[in-house]
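Take a look at the structure below.
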Amino acid sequence: MSTLTFLVYFSSISFLFFGISCFTTEHMKTEFIRYGLTSYLKLVGALQILGAIGLLAGYYYEPILAISSAIGLAVLMIFGYGVRRKIKDNFIQSAPSFIYAVFNIYLAYALYALNY
């Protein structure tokens with residue numbers, strides 16, 4: 001398995017987990033209450049699931065879908081980072097969203113460089 005394949009799987013599985021947890025766990029509900037974004041919980045969960053599926057499916061079938069999905073997930077995480085900073089979370093608390101944003105920007109770039 002190549003490093004890029006591993007990273008695509010890692011991101012896809014992570015976002016599938018996060019997306020599904022938006023629909024199934026009290027922890028995510030509590031977090032979105034803390035963020036002041038309760039009405040966006042299911043939308044964010046759905047976007048994470050769609051991004052994860054698009055990234056994985058696009059990797060194998062349509063590179064532009066994978067690239068678009070990685071960019072979409074990165075944008076979602078940039079907004080997540082912004083929300084966490086706005087509510088005064090410290091950098092350590094905000095770091096996962098920042099790291100996933102950078103990670104998915106890298107994936108988009110690597111997938112683009114590989115295919116175009």
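Treat the numbers as computed from the prediction; the structure is a model and nothing was measured. Heads up: numbering here begins at 1 and tracks the sequence. Note that these values count all heavy atoms, side chains included, but never hydrogens, waters or copies made by symmetry.
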Test item: Gln93 side-chain N/O and Asn90 main-chain N/O as donor-acceptor pair under 3.5 Å: yes
Sequence neighbours excluded - ring pair (Phe, Tyr, Trp, His ring centres under 6.0 Å) pairs with any residue from residues 36-85: Tyr81-Phe98
Exercise: identify the closest heavy-atom pair between Leu41 and Met28: CD1-O, 4.0 Å
NE2-OG distance between His27 and Ser21, expressed to the nearest 0.5 angstrom: 7.5 Å
Value rounded to 0.5 Å, distance of OG in Ser94 from NZ in Lys86: 14.0 Å
Glu31 side chain near Glu26 side chain, heavy-atom distance below 4.5 Å: no
Between CZ on residue Phe32 and OG1 on residue Thr38, distance to nearest 0.5 Å: 9.5 Å
Atom pair CD1 (Ile49) and OG (Ser12), whose distance is rounded to the nearest 0.5 Å: 12.5 Å
Below 3.5 Å, can you tabulate the donor-acceptor pairs from side chains in residues 108-116 to any protein atom, sequence neighbours excluded?
{"residue": "Asn115", "atom": "ND2", "partner": "Leu111", "partner atom": "O", "Å": "2.8"}

Nearest-0.5 Å distance, CD1 of residue Ile71 to CD1 of residue Ile64: 7.5 Å
Side chain Ser69, main chain Leu65, donor-acceptor under 3.5 Å: yes
Side-chain donor or acceptor of Arg84 paired with backbone N/O of Lys88 under 3.5 Å: no
Side-chain touch Leu107/Leu4, heavy atoms, less than 4.5 angstrom: yes
Residues that Ser14 engages under side chain to side chain contact (heavy atoms under 4.5 Å, CB included), provided they are two or more places apart: Phe10, Phe18, Tyr100
Stepwise side-chain contact (heavy atoms from CB on, under 4.5 Å) check, Asn104 with Phe15: CA-CA 11 Å; Asn104 278 281; Phe15 280 103; 3.4 Å; yes
